[in-house]
Amino acid sequence: MFAVDDLRLIRDQLVKIRRSSYFERPLLDHSDSLITLIDYVDQNELAIPAPIIMEIRRILFSEQMFLSGSVSGEVPYEVVFSLKLALGDWGHKSDIITTALLDDQNFYFRPSKGIWKFVANTIPAFQLPASQYSLIQIAFPRLYRSKPLFAIPLYHELGHFIDLTNRVSEVVLMSMNPAPPQSQSMLVLNHLREHFADLFAASYCGEVSTSLLILLAGVQPASFTHPATTVRTALVTDFLGGTQNVLIDAFQSALKQLGMPPLQIRYATPDIAKYFDNMRPTTFSTTSEIHGIYLSGFKYMEDKRQTQTGVWVGQSQKEVVRIVNDLVEKSIRNFDISERWKNGNP
């Protein structure tokens, strides 16, 4: 069967990528479990219905692509480290953030159909692994791989994961009174999902999350999939300014109903100037400052692009962008390394 041939090819790729020096333990465990699953399907091909094998193939094609991207030297590990911290705030400590690099200027979150839930329901004879991880599949432009300040929209994509996993926007939609016309419900749901992801990103990165939205995509009118840019930025402005807003209240009510944390400011802006003014990485007092460095770093970069003083005099705008992004990377990396040593996990 062609699907089994594909699974064998995926197995070969999993064996290759698990040898990477960049592999972390959860990624290694998950890959090993997938290899065991493929071996079982291969050995029991005739006993498993073809549609089930084809669905396993579909899921694993996506998983191996994102796993491959997550172990390459091009992955922005510092950004992924920041996203993992945010993920923990929402109770998703056993999920794995995986990344894929794109050759176009696009960011997206791909929902992952849980492989183990599917296997448990369709192949009950298979012994499920002790640790069952779910993959959070996020893609971003390859050109931004060493530019953490350009990868801030990944917080927005993580917001989509939190929303879709917990059906936050769906709860808001069902609570609307009056309810939107049936013909408009999907449009409204799409807009709610974008609004939630915007608010999620702003809770970690502040106003820079929507500033980048305009810089990357421009000011866009409303569409079937997205609200108008001006409406999106206005909602974020209300959230960051503490202004009463009916939609924000609806999201907060839905989160409370679901037993989830509220949307709130989760960043603190570190004083990076005294370090960056000497082209040195900064230090962090709290993990909230790791999220805050994206806002502080972006503002610092924009300031030095316009007005250069001290050691920055004579640097081209291109070099300013490169160096500031490098300083942000090194600051987060230093914190990660020091914390690993403190916890006995170098």
Side-chain angles (χ1 to χ4, degrees), residues 1-75 77 80-81 83-88 90-101 109-139 157-158 160-162 164-166 340 343-346:
M1 184 186 294
F2 190 70
V4 172
D5 292 326
D6 281 345
L7 287 176
R8 291 167 185 151
L9 293 174
I10 293 172
R11 185 191 191 283
D12 291 342
Q13 181 64 13
L14 289 171
V15 170
K16 288 178 183 177
I17 64 178
R18 71 183 296 281
R19 293 172 183 159
S20 168
S21 58
Y22 292 98
F23 239 35
E24 296 184 4
R25 188 75 233 178
L27 291 173
L28 179 63
D29 291 343
H30 186 67
S31 295
D32 285 342
S33 298
L34 295 182
I35 290 171
T36 301
L37 171 62
I38 292 172
D39 288 342
Y40 181 89
V41 173
D42 194 358
Q43 295 163 12
N44 297 274
E45 176 185 356
L46 297 179
I48 302 174
I52 293 175
I53 297 179
M54 293 175 70
E55 179 64 8
I56 291 174
R57 174 185 62 178
R58 188 193 67 78
I59 297 173
L60 296 195
F61 245 113
S62 177
E63 294 214 354
Q64 66 83 23
M65 179 181 75
F66 281 86
L67 284 169
S68 296
S70 300
V71 300
S72 72
E74 297 180 307
V75 173
Y77 290 97
V80 172
F81 174 77
L83 295 177
K84 287 179 180 177
L85 292 177
L87 195 61
W90 296 81
H92 291 266
K93 297 183 182 297
S94 61
D95 295 313
I96 303 174
I97 296 176
T98 57
T99 54
L101 302 176
F109 159 71
R110 176 180 292 180
S112 174
K113 182 174 182 179
I115 183 63
W116 304 124
K117 182 178 180 180
F118 177 77
V119 170
N121 291 331
T122 57
I123 313 178
F126 177 77
Q127 181 65 48
L128 295 173
S131 298
Q132 299 175 26
Y133 298 102
S134 295
L135 299 191
I136 302 172
Q137 302 175 151
I138 296 176
E157 302 308 321
L158 188 62
H160 279 311
F161 167 78
I162 295 297
L164 291 174
T165 302
N166 299 281
R340 287 174 184 265
N343 297 328
N345 184 28

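Here the structure is a predicted model, which means the values were calculated and not measured. Note that these values count all heavy atoms, side chains included, but never hydrogens, waters or copies made by symmetry.
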- Task: Output the distance between atom CG (L135) and atom CG (L67), rounded to the nearest 0.5 Å.
- Result: 5.5 Å
- Item | Shortest non-hydrogen contact between E63 and I115, atoms and distance | OE2-CG2, 4.0 Å
- Say you draw a straight line from CG of N44 to CD1 of I123; how long is it, rounded to the nearest 0.5 Å? 8.5 Å
- Message: Looking at every non-hydrogen atom in both residues, tell me the closest pair between A100 and M65 and how far apart they are.
- Response: CB-CE, 4.5 Å
- Task: Check salt bridge (Lys or Arg N to Asp or Glu O under 4.0 Å) between D32 and all other residues, then give those that pass, not counting sequence neighbours.
- Result: R18
- T165: partners by side-chain contact (heavy atoms from CB on, under 4.5 Å), with sequence neighbours left out: H92, F161
- Query: Between R25 and L28, is a side chain to side chain contact (heavy atoms under 4.5 Å, CB included) present by the stated rule, with each step listed?
  - Reply: CA-CA 5 Å; R25 188 75 233 178; L28 179 63; 3.4 Å; yes
- Separation between CG of D5 and CD1 of I10, rounded to the nearest 0.5 Å: 11.0 Å
- Looking at residues at least two apart in the chain, or sitting in another chain, which of them share a side chain to side chain donor-acceptor pair (under 3.5 Å) with D42? R8
- Answer yes or no: is there a side-chain heavy-atom contact under 4.5 Å between D6 and L9? yes
- Task: Could you tell me the separation between the CZ atom of F2 and the CD1 atom of I53, rounded to the nearest 0.5 Å?
- Result: 13.5 Å
- Sorted by chain and residue number, the side-chain contact (heavy atoms from CB on, under 4.5 Å) partners of S131 (sequence neighbours excluded) come out as Y133
- Kindly write out the residues that satisfy side chain to side chain donor-acceptor pair (under 3.5 Å) with H160, not counting sequence neighbours, or none if the list is empty. H156, E194
- Query: If we only count heavy atoms from C-beta on, is the L14 to I38 side-chain gap below 4.5 Å?
  - Reply: yes
- Note on the structure: Smallest heavy-atom separation, H30 atom then I96 atom, equals CB-CD1, 4.3 Å
- Spacing of CG belonging to L60 relative to CD belonging to E55, to within rounding of 0.5 Å: 9.5 Å
- Task: List in chain and number order the residues that pass side chain to side chain donor-acceptor pair (under 3.5 Å) with D39, two or more places apart in sequence or in another chain; answer none if no residue qualifies.
- Result: R11
- Item | Heavy-atom pair with the smallest gap, counting every atom of I138 and L83 | CD1-CD1, 4.4 Å
- Which pair of non-hydrogen atoms, one from L7 and one from R57, has the smallest distance, and what is that distance? CD2-CA, 3.8 Å
- If you look at every heavy atom in I48 and V41, which pair is closest and at what distance? CD1-CA, 3.9 Å
- Straight-line distance of Q137 CD to I97 CD1, nearest 0.5 Å: 12.0 Å
- Message: Just to verify, what does Y40 make a ring-ring contact (aromatic ring centres under 6.0 Å, His included) with, not counting sequence neighbours?
- Response: F126
- side-chain contact (heavy atoms from CB on, under 4.5 Å) against Q132, all qualifying residues, sequence neighbours excluded: W116, L128, P129
- Item | Exam field: side chain T98 to backbone I136, donor-acceptor pair closer than 3.5 Å | yes
